[in-house]
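Below: one structure, written as structure tokens.
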Amino acid sequence: MTDRRAPEARSGLTTRHLLSMIGAEARAIYGRGSARLAMVVAVLCGVVVALAMQWLFTRAGMGAVDAQINGNPISQMVEFSAGAVGGWALRLRNLFVLPLVLLLATAASLAGELGDHTLREVLVRPVPRWSVLAAKFVVLAVLALVTQALTAAPALGAGMVFFGTDGPTSVQGVLLGYAASWLSDLGLIAIGMLVSTFARSVGAVVVGTMLLLMADLGIRAVLQGMIWLGVSGAEAVQRAMPGNALACWEGFTGDWDPAAFVGLAVIFGVCMALTGWRFQRLDVP
Amino acid sequence: MASDALVTRGLTRRFGSRVAVSALDLRVRQGDVYGFLGPNGAGKTTAIRCILGLIRRDAGEVEIFGDRHPVRQRAAVGAMVETPAFHGWMTARANLERACAFAGAGDAASIAEALERVGLQGRADERVSTYSLGMRQRLGIARALVGRPRLLVLDEPTNGLDPRGMREVRELLAELARRDGLTIFVSSHLLGEVEQLCTRVGILERGRMVAEGSVEELLRGTGVAVTEVDLESPDRDRLVAALDALVGVERIGDGEGDRLRVRLDGVSPGELNQRLVQQGITVSALVPMQKSLEDLFLTLTTEELT
């Protein structure tokens, strides 16, 4: 007789089993060089920005003779507060390196394991494939969160010690920015996972995602032109592009754009759904 | 009545226009050591991948211990497909722990037991990247054994092993079948090994099952009713002339010593003897030649064995 229950019910997958898969995945992902590199880079972002601002502050003469850049006093150009240090550390973190390292970790976890056949070894005893993706996603999301904390903690900590919390940029606002930035990391992980279902090597995923984001820039430029020409609907599409979603961390500056979050949610949802669909049908090498 | 360990019905997989596995029906009974044979490219690995759910099947169904949802039987099946892959930077034990976590079966005790069965307990806490090919192969079998499955599916388990390693694996499988009562489904090129080890065999040719049964059944002539005998007579010239005149008898060369080897098609050795005696030829020796699995394999498959 045909079993009409949902696949999850048929699979006999328990919460405990899923947790043990997440644990095993954490061991694999955190044991790889890319995850450790991400954590080191995250700490460095916070520390480097805090030290650089302390150096600038010293140069500014602590209220005495203010050094100048292009005729403008440094103390007026740069805000010296814990919030500002945290904000600049977040900007540096998101500039290029850390998203790239997170992408590497994502690619190593899925495309890398497909390429070196280690994923086959966990699927020969067939667990529902969505559970494998879920375990990987949870661990990567936690890795992204850990790297956010590893940047925020030294930056804000040192900023408080060096400059205190007074200033236009509030620490709470910056922490919100870190939270928004984490959400954009999730978008990047989702894109990386989707590209991983098409590629068999880490390099191909990184290059593929880069190309995707570059294509996004190009499409955005086209849409920008359409908006300029007054084509309605183009703006809504543009807001859903990955580049926009990945830029939502800028929200901490106070310039919140709800559309960026809508875009992120759309990108995340579409990428995860497509990843699940592709992975379910994938011939595992 | 206990259900069969593994049954496929009409299992089909195409890659583009090429049919890799075509309407494959096979049946592995509980307790069988089933040899899955076929020349290179016959579709053995594709069939195994379909059975394990690693690749999609275009048609047909797979039943493991009477269950058509293999995902529910994962704890009952241990498998090794082609060359086993590991996280080289992890220890052997950590790799097995990972397999246990994903399968939702097995514990530290079953890991230790599996490592002991393959003789790797002494090096379990070394990184797999330091392992030789043979050790990796044995570790792959250990991984298939964790959680004490009832069915082992092994794809070319002796690949890359030296003769000693091959013998060890063969002895291990024989022991697993005998002592632990495991059902073993093993694909191999090594017909001599399969002949020694397997209770039943299935021969795959171009994605189709061309013969299935016990080695004895198949050798007895299902589908290949040809027997070879060696004949000896003091009057060799008359024997040659008589053999050449008989229908269903073909002289194929010299046998051992002065004997002549002939192939019989539809004629039993007893009938041949009777006909020769009727012609007044003294037959001093008539020795039916036991066909080997290799002969059978080569008869049933057109591809060259490599």
Side-chain angles (χ1 to χ4, degrees), chain A residues 1-36 108-109 112-132 134-136 278-285, chain B residues 13 15 20 45-46 48-57 61-62 64 67-91 94-107 127-128 139-140 143-144 146-147 149 151 153-155:
Chain A
M1 202 177 108
T2 311
D3 192 336
R4 293 184 187 281
R5 285 177 296 164
E8 300 83 65
R10 281 191 245 120
S11 69
L13 191 76
T14 61
T15 309
R16 192 176 161 199
H17 183 184
L18 195 57
L19 287 175
S20 74
M21 285 165 71
I22 291 170
E25 203 50 50
R27 208 166 158 187
I29 290 177
Y30 287 98
R32 284 199 190 93
S34 50
R36 282 179 294 207
S109 152
E113 289 200 357
L114 280 166
D116 68 13
H117 306 300
T118 46
L119 196 57
R120 173 185 74 200
E121 305 297 352
V122 297
L123 289 172
V124 291
R125 285 179 164 177
V127 281
R129 292 194 177 180
W130 66 261
S131 64
V132 175
K136 288 183 183 295
R278 282 268 313 158
F279 193 58
Q280 187 63 38
R281 284 154 186 75
L282 197 69
D283 283 346
V284 177
Chain B
R13 175 63 205 245
F15 292 107
T45 299
T46 303
I48 288 176
R49 283 167 185 271
C50 281
I51 288 167
L52 295 171
L54 289 172
I55 62 175
R56 283 175 294 116
R57 49 184 190 263
E61 58 185 43
V62 175
I64 295 177
D67 195 330
R68 275 193 282 173
H69 299 289
V71 76
R72 230 170 13 198
Q73 292 294 332
R74 65 176 164 269
V77 184
M80 185 174 85
V81 183
E82 293 187 313
T83 310
F86 300 95
H87 289 292
W89 47 271
M90 281 185 179
T91 65
N95 269 286
L96 265 48
E97 283 166 357
R98 180 175 166 79
C100 281
F102 273 91
D107 50 18
R127 289 180 173 211
V128 176
L139 186 59
R143 179 164 53 194
V146 291
L151 169 66
V153 177
L154 304 172
D155 185 17

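Fair warning: this is a prediction, and the values are worked out from it, not measured in the lab. The sequence lines fix the lettering, A, B, ..., with proteins before strands; numbering per chain opens at 1.
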[X] versus [Y], closest heavy-atom pair with distance:
| X | Y | value |
| --- | --- | --- |
| B/Pro149 | A/Arg125 | CG-NH2, 3.7 Å |
| A/Ala35 | A/Tyr30 | CB-CA, 4.0 Å |
| B/Val128 | B/His87 | CB-O, 4.2 Å |

Proximal component of [X], with respect to chain A [non-hydrogen, under 4.5 Å]:
| X | result |
| --- | --- |
| B/Arg57 | neither |
| B/Val81 | both |
| B/Ala79 | both |
| B/Ala76 | neither |

Part of [X] within contact of chain B (heavy atom distance under 4.5 Å):
| X | value |
| --- | --- |
| A/Arg32 | both |
| A/Glu113 | side chain |
| A/Leu282 | backbone |

Show the numbers, then the answer: is there a side chain to side chain contact (heavy atoms under 4.5 Å, CB included) between A/Val122 and A/Val127? CA-CA 8 Å; A/Val122 297; A/Val127 281; over 6 Å; no
So which of B/Thr83, B/Val77, B/Leu54, B/Ile48 has the biggest tally of heavy-atom pairs under 4.5 Å with chain A? B/Leu54
Name the option with the most non-hydrogen atom pairs under 4.5 Å to chain A; the candidates are B/Asn95, B/Ile55, B/Val153. B/Ile55
Are A/Glu121 and B/Met80 close enough that some pair of their side-chain heavy atoms sits under 4.5 Å apart? no
Based on non-hydrogen pairs under 4.5 Å, which of A/Ala135, A/Pro285, A/Gly23 is most in contact with chain B? A/Pro285
Just by modelled atom types, is the B/Arg56 backbone N or O under 3.5 Å from a matching donor or acceptor in the B/Arg13 side chain? yes
Value rounded to 0.5 Å, distance of CZ in B/Arg49 from CG in B/Asp155: 8.0 Å
